[in-house]
Amino acid sequence: MSPQELVNSLRSFLPAEAVLHETEDLKPYECDGLSAYRQLPMIVVLPRNEEQIAKILQLCYATKTPVVARGAGTGLSGGALPHAQGVLLSLAKLNQIIAVDSLARTARVQPGVRNLAISEAVRPYGLYYAPDPSSQIACSIGGNVAENSGGVHCLKYGLTVHNILKLRVLTIGGECLEIGGESLDSAGYDLLALMTGSEGMLGIVTEITVKLIPIPEKAQLVMAAFDDVQKAGNAVANVIGAGIIPAGMEMMDKITIHAVEEFLHAGYDLDAEAILLCESDGSTEEVADEIQRIYAIMQQSGATKISTSRNEAERLSFWAGRKAAFPAAGRVSPDYYCMDGTIPRKHLADVLRGIEKLSQQYGLRCMNVFHAGDGNLHPLILYDANQPGELEKTEEFGGKILEMCIHSGGTITGEHGVGMEKINQMCEQFGAGELEMFHAVKAAFDPVGLLNPGKAVPALHRCAELGAMHVHRGEEKFAELPRF
Amino acid sequence: MQTIIDQYKTIIREAAEHKIPLQIRGGGTKYFYGSSPIEQSNLWLDATAYNGIIDYEPTELVITARAGTCLADLEAALDQHGQMLAFEPPHFGAAATLGGCVAAGLSGPRRAAAGSVRDFVLGVRLLDGKGEDLHFGGQVMKNVAGYDVSRLMVGSMGTLGVLLEVSLKVLPKPVAEITLCMEMNEAMAIEKMNQWAGKPLPISATCYTGGELFLRLSGAESAVRAAQLKLGGEELGEGGAFWQSVREQTHDFFQSGKPLWRLSIKSTTPGLPLSGLQLIEWSGSLRWLIGNAGINAKTIRTTAKDAGGHATLFRNHESYIPVFHPLDPGMMKIHRALKEKFDPSGIFNPGRLYPEI
Ligand SMILES: Cc1cc2nc3c(=O)[nH]c(=O)nc-3n(C[C@H](O)[C@H](O)[C@H](O)COP(=O)(O)OP(=O)(O)OC[C@H]3O[C@@H](n4cnc5c(N)ncnc54)[C@H](O)[C@@H]3O)c2cc1C
């Protein structure tokens, strides 16, 4: 079927404005949050309901047309990068919160609903939706399911997979599957887990039932400075070893602290080699108890300076610096390159030393910010794309960091997904047997391979070079959002 | 230990070659659970042989152990460091293994508050139906590389592969724990359990039985005491023993010897119109039923489905009633396709979950 015929067929059941095919109309969809990868789709469709999506899928299935789902397009691994001969299926118009059941603590929502919109809608009931990616004012819940997104609170409250109950999913053939239930478990294999984090490769999520939890009575933050990164790493282990699961536990290294302080004047200690932010939440009594213990542990772990937030404004100002780390990187360097590996925390100091060594070897600075509680690192390599050869050096440096993550028993991606970006690193992390099994799982849902082809799992013959997130001097997309 | 894996591989390949069903046997504590395999087979694999803790560092909150490890040993190792499996898996016998716990996918009293087995599984190593040694997930909390095959194994009843190793997230044990008990009727109990779950209270388990609602509070001593003041009720002396009896089904309720149904449903569902004895857990979302004579499976399953969930014939089943809730054709198609990929010769515990797989 020619593109024009396909447009005509789509328009037989969709309004004309819901089927885009002129280049200028396609342009806004050419990339997601990883703007280094761009590709115009053949057609963009903007359905309003599940029935329309089913028809679109049936048509694509019959004509063997690839389909790429897109939520809000904030993904950082090129997951929603269009296919040149394919249909880009935007879920943006399915943006209704269908029902909230405050007593059962659940909400039934369409995939295009923004993450934060859910928490805003249920706040009057004293409830919220826990996973809070920094992109939460923009990203869609459907995208969160597809990426298994996390947030700064996920050590205590879990990732997307821990906070959803049920999905309605359309297969590429347009068949509807109800996966999960309103109960806490369901019969048969755990397809809910399999769907979560499947990056739009297995089916189109058309409805999500999320769990809601009570808003904690209180939250308080301890900020501790250290003169040695190893000591800060030990402090994290000591907090957890003492039986405390902090609501959030974030770390910044010296170069980050300086970049942020210059940018924001958050009052961070400029002599520190590392700063830890450790948050406690819960009932007033629990928080009082925990904060006292955290304070003592920071002291025993050799913190040089410790402050406890005295009120909500102060808590938010302590956080502000951490959240400004990425924009700050954009200010101190023309370009930066963001990694997303996870390591077992015990290797933190080793990996940081390794990064430091590589940084010297390559003559490139590297800022380190990370979700210290769960070992998810976001090293930012600072470089200048206008210097010949610097980008290549940076990519090599980044590749070495990911190798370190794998060798220390970790993973190449903690929360941003594989998408198009890390497709090559998948070959380093997994053997042929596992990759074959991933292809087999895909085939169980999508035997013809029409959903998001070429992403997430590399073909067996593919390998080698390392990809990355490139950001050029503040030109990144979603510059207004806090970073990670 | 590698020799054991090699032996497993040999057995698997032999079974696959001759298409002989292979029973995967752990500690045997959950034989009563699940359908009996369609074809009784003489060929079996002793999954307890590959055992032992491989790696446990309390400050990482992760333990990795071989699937044949005795669950009690694993919990004892955690206990030494003040940690626990927060999903409180039932053992149903001293011989229970980690592999059986994951394959059966059962969680205990803390489930509604803390999460289930699958919520804590971080990675697995398994042998598939061709005897291939495969690793999925890992030992870290956040990992989105590849599909989540590790969690797919939870509750698969050994139909997809032989689990070799499992990595689990663990949590610190709460400092203080008390149990409150209050008399009320069923409707009120269901409402209260749900209301309280929506409030920032340290409730870690709930159970309604014999006209009494039992609540377990866990956390800092001060937090537990403050919550006790808000909630009222009477403090139970032997709280620990009570929850243990619910977890292990040694509580009187479970001793009838009659068919025991497990209905996993929406938590706010009012008292079920099913005649028989009921025990409620998980803030209302788990209902155990010992039906009176004359009640049929179809009624029970329809009731569970209408309440947003499913029903399992948990114990003392009669062979003509399917143990697990039947799947819709679309879902069964996916199940069959997955089974086909993991176990192409159909040798692993065939029929233990559904006749088709
Ligand atoms: C500034 C910034 C901060 C960020 N911070 C975080 C963070 O803290 N934590 C974190 O985890 N991530 C973070 N991200 C990454 C990103 O926001 C998340 O991955 C998010 O879940 C993507 O949602 P989306 O709606 O934008 O999805 P998209 O980018 O549109 O799509 C992502 C993937 O999901 C698929 N998809 C989308 N909708 C559906 C559907 N309905 N059915 C099936 N497949 C679908 C797409 O095909 C694609 O593969 C951040 C991104 C930015 C730009």
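Throughout, a chain's letter reflects where its sequence line sits, starting with A, and its residues are numbered from 1. Just so it is clear, the model here is predicted, and its values are computed rather than measured.
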>> Does anything in residues 332-344 of chain B reach chain A? List residues with heavy atoms under 4.5 Å apart, or say none.
In response: B/K333, B/I334, B/H335, B/A337, B/L338, B/K339, B/K341, B/F342
> Tell me, side chain or backbone of B/S116 under 4.5 Å from chain A's heavy atoms, or both, or neither?
Replying inline: neither
> Should the heavy atoms of other residues, nucleotides or ligands under 6.0 Å from OH of B/Y56 be counted, would the total exceed 12?
Replying inline: yes
> For A/A187 and B/Y354, which heavy atoms make the closest approach, and how far apart are they?
Replying inline: CB-OH, 3.4 Å
> Hey, what do you get for CG (A/N238) to OG1 (B/T59), rounding to the nearest 0.5 Å?
Replying inline: 8.0 Å
> With a 4.5 angstrom heavy-atom cut-off, which part of B/N143 approaches chain A: side chain, backbone, both or neither?
Replying inline: both
> Of the listed residues (B/G219, B/A304, B/G146, B/G155), which shares the most heavy-atom pairs with chain A below a 4.5 Å separation?
Replying inline: B/G146
>> Taking every non-hydrogen pair under 4.5 Å, which of A/G181, A/G158, A/A444 racks up the most with chain B?
In response: A/A444
>> Between B/D128 and A/M437, is the side chain to side chain contact (heavy atoms under 4.5 Å, CB included) condition met? List the steps.
In response: CA-CA 10 Å; B/D128 72 4; A/M437 198 53 95; 3.5 Å; yes
> Taking all atoms of both residues into account, what is the closest heavy-atom pair of A/T411 and B/A145, and its distance?
Replying inline: OG1-CB, 3.7 Å
> Mind checking what makes side chain to side chain donor-acceptor pair (under 3.5 Å) contact with A/E286, not counting sequence neighbours?
Replying inline: none
> Shortest non-hydrogen contact from A/P216 to B/P200?
Replying inline: CA-CB, 4.3 Å
> So what's closer than 4.5 Å to chain B heavy atoms on A/A456: side chain, backbone, both or neither?
Replying inline: neither
> Between A/V418 and B/V144, is a side chain to side chain contact (heavy atoms under 4.5 Å, CB included) present by the stated rule, with each step listed?
Replying inline: CA-CA 7 Å; A/V418 174; B/V144 291; over 6 Å; no
> Quick one: are A/R105 and B/N194 in side-chain contact, heavy atoms under 4.5 Å?
Replying inline: yes
>> Do the side chains of B/R118 and A/D190 get close enough for a salt bridge, i.e. N-O under 4.0 angstrom?
In response: yes
>> For B/R287, which atoms come within 4.5 Å of any heavy atom of chain A: side chain, backbone, both, or neither?
In response: neither
>> Run the salt bridge (Lys or Arg N to Asp or Glu O under 4.0 Å) test on A/D185 and B/R262 for me, step by step, so that the C-alpha distance in whole Å, both residues' side-chain angles and the decisive distance to 0.1 Å come before the verdict.
In response: CA-CA 11 Å; A/D185 48 38; B/R262 175 188 187 274; 2.7 Å; yes
>> Using heavy-atom distances under 4.5 Å, tell me whether B/K173 contacts chain A through its side chain, its backbone, both, or neither.
In response: neither
> Of all of B/G330, B/A197, B/G115, B/P58, which one pairs up most often with chain A through heavy atoms under 4.5 Å apart?
Replying inline: B/A197
> Are the side chains of A/E182 and B/I265 in touch, meaning some heavy atoms are under 4.5 Å apart?
Replying inline: no
>> Heavy-atom cut-off 4.5 Å, strictly under: side chain, backbone, both or neither for B/L353 against chain A?
In response: side chain
> Measuring from A/I213:CD1 to B/K199:NZ, what's the distance to the nearest 0.5 Å?
Replying inline: 14.5 Å
> Quick check: are there more than 12 heavy atoms from other residues, nucleotides or ligands sitting under 6.0 Å from CD of B/Q195?
Replying inline: yes
>> If we ignore hydrogens and angles and just use 3.5 Å, is the side chain of A/H162 paired with the main-chain N or O of B/D119 as donor and acceptor?
In response: yes
>> For A/D101, is there an ion pair with B/K266 - N to carboxylate O distance below 4.0 angstrom?
In response: yes
>> Working to the nearest 0.5 angstrom, can you tell me the gap between B/M331 CE and A/L177 CG?
In response: 6.5 Å
> Which atoms of B/Y147 come close to chain A, meaning under 4.5 Å heavy atom to heavy atom: side chain ones, backbone ones, both, or neither?
Replying inline: both
>> If we define contacts as heavy-atom pairs under 4.5 Å, which of A/G150, A/G410, A/A193 has the most with chain B?
In response: A/A193
>> I'd like to know which of B/G105, B/A220, B/S264, B/S150 tops the heavy-atom pair count under 4.5 Å against chain A.
In response: B/S264
>> Counting only heavy atoms from other residues, nucleotides and ligands, does the tally under 6.0 Å from NZ of A/K346 exceed 12?
In response: yes
> Which residue out of A/C154, A/G282, A/G373, A/A237 racks up the most heavy-atom pairs below 4.5 Å with chain B?
Replying inline: A/A237
>> Please rank A/L165, A/D281, A/I245 by heavy-atom pairs under 4.5 Å with chain B and give me the top one.
In response: A/I245
>> So which residue, A/I412, A/T106, A/L155, A/T196, ends up with the most heavy-atom pairs under 4.5 Å with chain B?
In response: A/L155
>> With a 4.5 angstrom heavy-atom cut-off, is it the side chain or the backbone of B/A112 that approaches chain A, or both, or neither?
In response: both
>> ring pair (Phe, Tyr, Trp, His ring centres under 6.0 Å) for B/F136 and A/F438? Distances and angles first, verdict last.
In response: CA-CA 10 Å; B/F136 296 100; A/F438 290 147; 5.5 Å; yes
> Between A/E147, A/M201, A/E290, which shows the greatest number of heavy-atom pairs under 4.5 Å with chain B?
Replying inline: A/M201
> Quick one: of B/M157, B/Q139, B/E57, B/Q83, who has the most non-hydrogen atom pairs under 4.5 Å with chain A?
Replying inline: B/E57
> So which part of B/H135 gets closer than 4.5 Å to some heavy atom of chain A, the side chain, the backbone, both or neither?
Replying inline: both
> Of the backbone (N, CA, C, O) and the side chain (C-beta and beyond), which part of B/L201 lies under 4.5 Å from a heavy atom of chain A, both, or neither?
Replying inline: neither
> Would you find a donor on one side and an acceptor on the other, under 3.5 Å apart, between the side chain of B/H310 and the backbone of A/S183?
Replying inline: no
> Using 4.0 Å as the upper bound for N to carboxylate O, is an ion pair formed by A/E415 and B/K142?
Replying inline: yes
> Can you name the closest pair of heavy atoms from A/I343 and B/V140 and give their distance?
Replying inline: C-CG1, 3.5 Å
> Do the charged groups of A/E217 and B/K230 touch, with an N to O distance under 4.0 Å?
Replying inline: yes
> In Å, rounded to the nearest 0.5 Å, how long is the span from CG of A/L184 to CZ of B/R111?
Replying inline: 4.5 Å
>> Within the 4.5 Å heavy-atom criterion, are A/S186 and B/H325 side-chain neighbours or not?
In response: no
> Just by modelled atom types, is the B/L61 backbone N or O under 3.5 Å from a matching donor or acceptor in the A/R345 side chain?
Replying inline: no
> Any chance NZ of B/K130 has more than 12 other-residue heavy atoms, nucleotides or ligands included, within less than 6.0 Å?
Replying inline: no
